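Side chains are part of it too, since the values below use all heavy atoms of this structure and drop only hydrogens, waters and symmetry mates. These numbers come from a predicted model, not from an experiment.
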Amino acid sequence: MGNELTIISEFLASLESPANNQGNPTHNANPESLSSTERFVLTAADPMTVGTNEDRLNQVISAKFEAGLLKPYNYISSYTKLQAWMETHMSPASRTRILNVMGLFRPRFQWVAQRLTDMDLVLVEEAFERMLLEYDRVFSSMGIPSCLWRRTGEIWKCNKEFAQLVGLSMDELKDGRLSIYELMSEESAVNYWEKYGNIAFDAGQKAILTSCVLKKPDEDRESAAARTVKEGVNCCFSFTIRRDRYSIPIIIAGNFLPAGE
């Protein structure tokens with residue numbers, strides 16, 4: 001989002017510069033001579049007046065995609081990160097349990113991915129951004145520690161109650177800087193992945209009620225085990241899966257209630 005706003009600001013500033021006012025202004029230029037970024041800014045400012053709202057939105061999204069401002073999320077690197085984290089934070093037995101779960105839903109991901117274009121994946125990412133905005137109002141009105149993460153675990157948004165619960169700042173808990181499994185004890189992380197895997201592609205189920213131990217992230221398995229004993233917070237934990245148009249999990253919303261409350 002920051003990159004998009006920067007480009008828009010710079011483009012609008014260029015329109016107001018003396019050079020553009022004296023010569024042939026960009027907004028009057030031949031559309032074919034405009035860059036993809038300039039076309040996006042002009043499309044967003046003045047989309048077509050005919051067609052439905054969905055048509056106009058798709059026009060803006062297409063221009064945004066062509067300008068390189070909207071890209072499919074790289075889930076491959078996310079799974080690589082998870083694999084590397086498991087190598088240093090989990091026992092072989094725990095890693096095997098999680099990998100077994102992933103082996104169950106991997107074929108479904110591959111089957112769907114082979115049938116999607118880059119633009120399809122971009123629209124999925126746009127849907128993800130819309131869902132994030134939906135939760136802004138929810139988080140501002142509820143006092144239960146809550147956060148949102150991608151299907152690969154990266155936390156994208158949380159409320160202040162969740163940040164206080166795990167002893168981290170809200171900046172540390174946004175835009176994928178940390179993953180939900182990094183904030184769980186080893187057994188809790190395994191339990192989460194197993195329960196998630198059981199309903200990930202079951203359209204008839206979307207919510208699970210369970211428990212977990214939350215903690216601060218650790219550098220390795222030994223320090224994680226020690227910290228869990230000293231600083232872990234036992235919680236009742238529920239998570240709800242939001243799916244995209246292809247029935248693939250896109251956002252997981254988790255609510256955490258400390259067991260003593």
Side-chain angles (χ1 to χ4, degrees), residues 1-9 12 40-41 43-45 47 52-54 56-65 67 69-75 78 121-184 192 196 199-200 206-209 212 214 216-217 233 235-258 261:
M1 182 62 70
N3 182 44
E4 177 182 342
L5 292 176
T6 299
I7 290 176
I8 291 175
S9 298
L12 293 178
F40 161 66
V41 174
T43 300
T52 65
N53 288 336
E54 188 68 20
R56 290 191 287 272
L57 178 61
N58 286 336
Q59 183 194 27
V60 173
I61 291 174
S62 295
K64 187 175 181 180
F65 174 62
L69 300 174
L70 188 62
K71 300 178 181 179
Y73 187 72
N74 186 354
Y75 282 102
S78 298
L121 296 174
V122 161
L123 292 174
V124 168
E125 189 63 16
E126 186 75 10
F128 174 83
E129 292 185 1
R130 292 188 197 180
M131 289 184 189
L132 288 178
L133 293 175
E134 290 177 15
Y135 280 93
D136 280 343
R137 184 175 64 256
V138 175
F139 280 0
S140 66
S141 63
M142 67 186 299
I144 299 175
S146 306
C147 66
L148 305 174
W149 59 90
R150 291 181 182 269
R151 59 175 174 265
T152 40
E154 295 94 335
I155 296 172
W156 230 253
K157 180 173 291 190
C158 75
N159 60 7
K160 66 180 185 299
E161 288 79 10
F162 182 80
Q164 292 169 354
L165 181 63
V166 297
L168 297 170
S169 70
M170 293 184 69
D171 281 341
E172 294 174 286
L173 295 166
K174 69 178 184 180
D175 299 337
R177 291 177 173 84
L178 286 171
S179 298
I180 190 64
Y181 52 79
E182 296 181 79
L183 304 181
M184 292 180 172
Y192 162 70
Y196 165 80
I199 68 168
K206 63 178 182 178
I208 287 286
L209 178 63
C212 72
L214 290 179
K216 289 185 178 180
V233 180
C235 296
C236 294
F237 163 45
S238 68
F239 64 90
T240 302
I241 297 176
R242 300 284 302 274
R243 297 177 173 87
D244 62 24
R245 64 178 67 187
Y246 308 105
S247 298
I248 292 180
I250 185 173
I251 278 185
I252 293 87
N255 298 315
F256 302 81
L257 187 63
E261 298 187 5

Minimum-distance pair of heavy atoms, taken over all atoms of [X] and [Y]:
X	Y	answer
Met170	Cys158	CE-O, 3.2 Å
Leu168	Pro217	CD1-CD, 4.0 Å
Val233	Pro258	CG1-CB, 4.3 Å
Tyr181	Thr152	CE2-O, 3.5 Å
Leu173	Ala163	CD1-CA, 3.7 Å

Inset, instruction - Run the numbers on Arg177 and Glu182 for salt bridge (charged side-chain N to carboxylate O under 4.0 Å, His left out), then give the verdict. - result: CA-CA 11 Å; Arg177 291 177 173 84; Glu182 296 181 79; over 6 Å; no
Can you measure from [atom1] ([X]) to [atom2] ([Y]) and round to the nearest 0.5 angstrom?
X	Y	atom1	atom2	result
Asn255	Thr240	CG	OG1	6.5 Å
Cys235	Leu257	SG	CG	7.5 Å
Lys174	Cys147	NZ	SG	15.0 Å
Tyr246	Leu123	OH	CG	6.5 Å
Glu154	Ile180	CD	CD1	11.5 Å
Asn74	Leu121	CG	CG	11.0 Å

Taking the side chain as everything from C-beta on, heavy atoms only, tell me whether [X] gets closer than 4.5 Å to [Y].
X	Y	answer
Val124	Tyr73	no
Ser78	Arg150	no
Pro145	Val166	no
Leu183	Lys216	no
Met142	Glu161	no
Arg242	Leu148	no

Inset, instruction - Fit a plane to each ring of Phe162 and Phe256, take the angle between them on a 0 to 90° scale, and name the class: parallel (under 30°), tilted (30 to 60°) or perpendicular (over 60°). - result: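 Ring orientation of Phe162 relative to Phe256: tilted.
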Inset, instruction - Give the ring-plane orientation class for Tyr192 versus Trp149, where under 30° counts as parallel, over 60° as perpendicular and anything between as tilted. - result: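 Ring orientation of Tyr192 relative to Trp149: perpendicular.
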Inset, instruction - Might you work through the side chain to side chain contact (heavy atoms under 4.5 Å, CB included) test for Tyr196 and Ile241, ending with a clear yes or no? - result: CA-CA 9 Å; Tyr196 165 80; Ile241 297 176; 3.8 Å; yes
Inset, instruction - Verify, without hydrogens or angle tests, whether Ser146 (side chain) and Ile144 (backbone) share a donor-acceptor contact under 3.5 angstrom. - result: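 Such a contact is found between Ser146 side chain and Ile144 backbone.
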Legend entry - Main-chain N/O of Pro249 paired with Arg151 side-chain donor or acceptor, under 3.5 Å: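 Yes.
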Legend entry - Check: Trp156 ring centroid to Tyr135 ring centroid under 6.0 Å: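 Judged by ring-centre distance (under 6.0 Å), Trp156 and Tyr135 do not meet the cut-off.
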Inset, instruction - Give the intermediate values and the outcome of salt bridge (charged side-chain N to carboxylate O under 4.0 Å, His left out) for residues Lys157 and Asp136. - result: CA-CA 9 Å; Lys157 180 173 291 190; Asp136 280 343; 2.5 Å; yes
